[in-house]
Number of protein chains: 2
Amino acid sequence: MPERRSSRKDAIRSREAVLAAADALFARRESPEDVTMADVAAAAGVGKGTLFRAFGDRAGLLRALYEARLEPIRQAVETGPQPLGPATPPRERVPALLDALLCFKLDNRRLALALEEGGGGSPYRAEHYERWHTLLRSVLEQIPGLPDSAFTAHALLAATRADLVEHLVGEVRVPRDRVRAQLASFVTGVLASGRLHGSPAGEVAEKKPSS
Amino acid sequence: MPERRSSRKDAIRSREAVLAAADALFARRESPEDVTMADVAAAAGVGKGTLFRAFGDRAGLLRALYEARLEPIRQAVETGPQPLGPATPPRERVPALLDALLCFKLDNRRLALALEEGGGGSPYRAEHYERWHTLLRSVLEQIPGLPDSAFTAHALLAATRADLVEHLVGEVRVPRDRVRAQLASFVTGVLASGRLHGSPAGEVAEKKPSS
DNA sequence: TTGAAAAACGGACCCGGGGTCCGTATCGTC
DNA sequence: GACGATACGGACCCCGGGTCCGTTTTTCAA
């Protein structure tokens, strides 16, 4: 599987060595922030210069790792069978998407954590977030009765934030399947609410904040 | 209002100078991470040593600022009148609480952002989060039909995350009241879903993740 | 095959920011 | 006013991300 065209083969080997080493390191170490770039370089048997030339900066490395790991799910979502694929009816697809995302973060806790917090500024500017949000939004839009699909998409995605997942699984020690069930239940609730009212909300109580 | 007992008055003056300076800086500067400790010290007319003795570390300063700002809301929630106070019926209090929190983050975007991301590890270990979560959880518990109040509380709080708020208001330029309305609507939906089923969810589709 | 230009390598180096240390200044008490 | 206790401040240390450049490897044309 030839990857980078017009790249020297030693460059490609380095790149892959780094990817593998970083993956291993993030999986092994407790906290993402004590995986240093020098560590990664050393573990990959490569100089720091090489590492930074290949990925630009720390965020670049994280992104590359993340995308690589996410690829199968992306495929399944874009062109796969039910319940992730495009042919799935919205009410079924939304929970499936969120469950898939949750599972991904459960399986790649440290990595997701590293990307979302250290990833150079807001996670909301990352294009992988953009992708999930756009997708989820458009699927939600096909469900009648939901108030604001853009915001709802944000809110649902927020329920799968890496640090929340880490907190639940790593600190509170909630078992994996329990978290999945809770999220599923929450999503169900949100979707079900659409059944009740045509277009709720609108006015909100008067409020005079301190500032 | 005498604050710290058994502290020398110059210490108190320094402490307050720092608090004020930091507050101003975080409000003025675009991104929280380009407010440096040295900046704060300089702006307060104080040495770095003083600053660190007073607050321990960066996270400590952020926490102190945050708590100070949050104090009025805390009061209103613990011993205040409706709709924030304890006498409010749950179905009404939950949206009020979340709206108050949202407003707070809208009014203190940079600060909340700084605390949540740079605040030394997971925001979920911070005791102010703990407080909100415990409170929200207990109020949710009084509403029959909601699946798992602990998780629901997390999920609702996640919808007010500082970086999401910042994204919506600062990037997408959604007007303040719109965001409030959207959140309100979302919360309404979540609460309403309890009306439908006694104890939903439970089983979740089989899934074999990559790892 | 070869030789030279292009591309990649690697680690010494730089820089900026969080946090510490300790000699000096201030406070508070007797 | 003198002395112990406390706070001050900024020079200093450390560590991690990112850069630079002399050296090595690859590639390709002659």
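Lettering of chains follows the sequences in order, A, B, ..., and the numbering in each one begins at 1.
For B:Lys9, a side-chain nitrogen or oxygen approaches OP1 or OP2 of C:dG28 to under 4.0 Å. Between B:Arg58 and C:dG19, a side-chain N or O to OP1/OP2 separation shorter than 4.0 Å is absent. In this model, the phosphate group of D:dA7 is not approached by any side-chain N or O of B:Ser14 to a distance below 4.0 Å at OP1 or OP2. Look at B:Thr36 and you'll find a side-chain N or O under 4.0 angstrom from OP1 or OP2 of C:dG18. When the side-chain nitrogen and oxygen atoms of B:Thr50 are compared with OP1 and OP2 of D:dA7, none of them lie within a distance under 4.0 Å.
Computed from coordinates, the A:Glu33 CD to D:dG17 C1' distance equals 14 Å when rounded to whole Å. One interatomic measurement links the two molecules: CZ of A:Phe55 to P of C:dC9, which rounds to 11 Å at whole-angstrom precision. Rounded to whole angstrom, the span from the CD1 atom of A:Ile12 across to the C1' atom of D:dT26 amounts to 12 Å. The nearest whole Å value for the distance from the NZ atom in B:Lys48 to the C1' atom in C:dG18 is 6 Å. Computed from coordinates, the B:Asp10 CG to C:dA25 C1' distance equals 10 Å when rounded to whole Å. Note: CE (A:Met37) to C1' (C:dC13) measures 18 Å, nearest angstrom. The nearest whole Å value for the distance from the CD atom in A:Glu16 to the P atom in C:dA8 is 15 Å. Taking atom CG on B:Leu51 and atom P on C:dG17, their separation rounds to 15 Å, with Å as the unit.
Test B:Thr50, B:Leu61, B:Asp23 against B:Val18 for side-chain contact (heavy atoms from CB on, under 4.5 Å) and you get one pass: B:Leu61.
Ring planes of B:Tyr124 and A:His167: parallel class, angle under 30° (limits at 30 and 60°). Using cut-offs of 30° and 60° on the angle between ring planes, the pair B:His154 and B:His133 is parallel.
No donor-acceptor distance shorter than 3.5 angstrom exists from the side chain of B:Lys48 to the backbone of B:Ala41, with no hydrogens or angles considered.
Judged by distance alone, with hydrogens and angles left aside, A:Arg8 brings no side-chain donor or acceptor close enough to the base of D:dT27 to form a pair under 3.5 Å.
For the pair B:Ala38 and A:Gly47, both in contact range of DNA chain C, the more 5′-proximal nearest nucleotide belongs to A:Gly47.
Salt-bridge annotation for B:Asp177 and B:Arg180: present, with a side-chain N of the basic residue lying under 4.0 Å from a carboxylate O of the acidic one.
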